[in-house]
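One structure is given below, encoded as structure tokens.
Letters A, B, ... are given to chains in the order of the sequence lines, protein chains preceding strands, and every chain is numbered from 1.
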2 protein chains.
Amino acid sequence: MNDILKKKFPSFSNALLIDINTNALQQSFAAGDVIMRTGQYIKNTVLVLSGKIKIYREDEEGSEFFMYYLQPGQACAISMICATKNQKSQIMAKVVEDVELIMVPLQLMDKWMMQHRSWYEFVIDTYRSRFEEVLDVIDSIAFRAMDERLEFYLKRHRDACDCDDLKLSHQEIATELNTSREVISRLLKKLEQRGVLKMHRNNIELLK
Amino acid sequence: MNDILKKKFPSFSNALLIDINTNALQQSFAAGDVIMRTGQYIKNTVLVLSGKIKIYREDEEGSEFFMYYLQPGQACAISMICATKNQKSQIMAKVVEDVELIMVPLQLMDKWMMQHRSWYEFVIDTYRSRFEEVLDVIDSIAFRAMDERLEFYLKRHRDACDCDDLKLSHQEIATELNTSREVISRLLKKLEQRGVLKMHRNNIELLK
DNA sequence: CTCCCTATGTGATAAATGTTACAGATTGTA
DNA sequence: TACAATCTGTAACATTTATCACATAGGGAG
């Protein structure tokens, strides 16, 4: 575990790496697994070694709204936040590519803040970058109409997969933007006409 | 300063209070002042002793979107987050009731995390509660139509002023929800018909 | 009181988004 | 090949929100 860990979290000190190795568990999940549900108690802080996770906000009727990706080298800010107060999860986490995770028990998450400068900085930086990302999400829904929100959504997915072919169905996109499939189909066609993308079955090819 | 500070921030240790007294500045602002603008560099973490501040997100065209209140005993999570990286402000802060603030230089913000347990816990708790508040804001715009968003907005303002008379014009509400005055007037009338509130000039009286 | 400024009310219309219904296309599988 | 399941296209219509135009009302200053 140490090798991948060191590679994916290069800022961690050796002492911290040793602490993680002795105290944290490694766990794997397959694509499609929901590893955290709204309302569940969070017992661990999650570090991602490999794979991809999508984080959603859910409402009472079961609608979901895509917030952000969790990728290798990152941690779930919300699990950190909830962990420190033994709180219920405010989000839902779904695996989109098989993942290997490090599960850090919540008491350690807190304890290490005082013991390991590199952990402290990692945690603060995780808070910071996620807060900023969430503010960008607020911008997109507060200020933008659906066409621009769709473009924002597609760009974030391109950033996450680091490729121009997005394996997404119209229905999937609609669900994650909390709108209907027809709306997305229409808007995608407009974007295709503008030359922004090319549509294929289960696949959207971004051109710019 | 020590007395108010101790009263408004009861969790702070004596050592921390002394450190604040020796190192931080007190500053006052009048209602209407904009004390932070999007894009400005943040040099201090802000603690509120008295008064009220509203925090907004702005877009390029100058629209503003209300995010949350800053009240006595609270700190600006975003100023903490930006401070640790010497970043530009992502938000705009407007004074709505004359405020007295404690300005903590950013190097101290960071240094105290290791030195004062009570500061560390305060900062983490600030992150946590603001993150949660921001998630609730996302819910309201992602899942709700304007009528419910308006109710949510009014309730948050009631919580903040701790009274049932909200001194708000329709235009003000429209601006902070990024919609138009006519829409708010019409929705308010519906809420009045439902018995949720009573409208007066520059004043909305919440009934339930 | 009169004038002016701001706040509010409201109808008409446009534009965006949501809903319903159904058709055709593609893919996997029996 | 035939069938089922899923994905996509599209028309028609309903609803919500935005925009424009203008009327009315209240409060403060002179």
For residues [X] and [Y], is any side-chain donor paired with an opposing acceptor at under 3.5 Å?
| X | Y | answer |
| --- | --- | --- |
| A/S129 | A/E133 | no |
| A/Y120 | B/D110 | yes |
| B/H200 | B/K167 | no |
| B/T38 | B/E58 | yes |

- Message: Side-chain N or O of B/K189 versus OP1/OP2 of C/dT8: is the shortest distance under 4.0 Å?
- Response: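 No, outside the criterion.
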Measure from [atom1] on [X] to [atom2] on [N] and round the result to the nearest Å.
| X | N | atom1 | atom2 | result |
| --- | --- | --- | --- | --- |
| B/E192 | C/dA7 | CD | C1' | 15 Å |
| A/I184 | C/dT17 | CD1 | P | 10 Å |
| B/E148 | D/dT16 | CD | P | 12 Å |
| A/H170 | C/dT26 | NE2 | P | 14 Å |
| B/Q171 | C/dC5 | CD | P | 18 Å |
| B/K190 | C/dG9 | NZ | P | 14 Å |
| A/Q193 | D/dG9 | CD | P | 11 Å |
| B/I173 | C/dA7 | CD1 | C1' | 12 Å |

- B/K6 NZ/CZ over B/F12 ring centroid, <6.0 Å and within 45° of normal: no
Which pairs of donor and acceptor atoms, one on a side chain in residues 180-190 of chain B, lie under 3.5 Å apart (sequence neighbours left out)?
from	atom 1	to	atom 2	distance (Å)
B/R181	NH1	B/S185	OG	3.4
B/S185	OG	B/H170	ND1	2.8
B/S185	OG	B/R181	O	3.3

- Message: I'd like to know if the side chain of B/E121 reaches the main chain of B/S118, judged simply by a donor and an acceptor atom lying under 3.5 Å from each other, with no hydrogens or angles considered.
- Response: no
- Donor-acceptor under 3.5 Å (A/D98 side chain, A/A31 main chain): yes
- Chi angles and distances behind the side-chain contact (heavy atoms from CB on, under 4.5 Å) call for A/E100, A/F29: CA-CA 7 Å; A/E100 293 172 293; A/F29 294 94; over 6 Å; no
- List the protein contact pattern of nucleotides 17-23 of chain D with one symbol per nucleotide (5' to 3'): B for base contact, S for sugar-phosphate-only contact, - for none; contact means a heavy-atom distance under 4.0 Å. SBBBB--
- Strand-adjacent residues in residues 59-67 of chain A, judged by heavy atoms under 4.0 Å from DNA chain D: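 Heavy-atom contacts with DNA chain D come from no residue of residues 59-67 of chain A; none.
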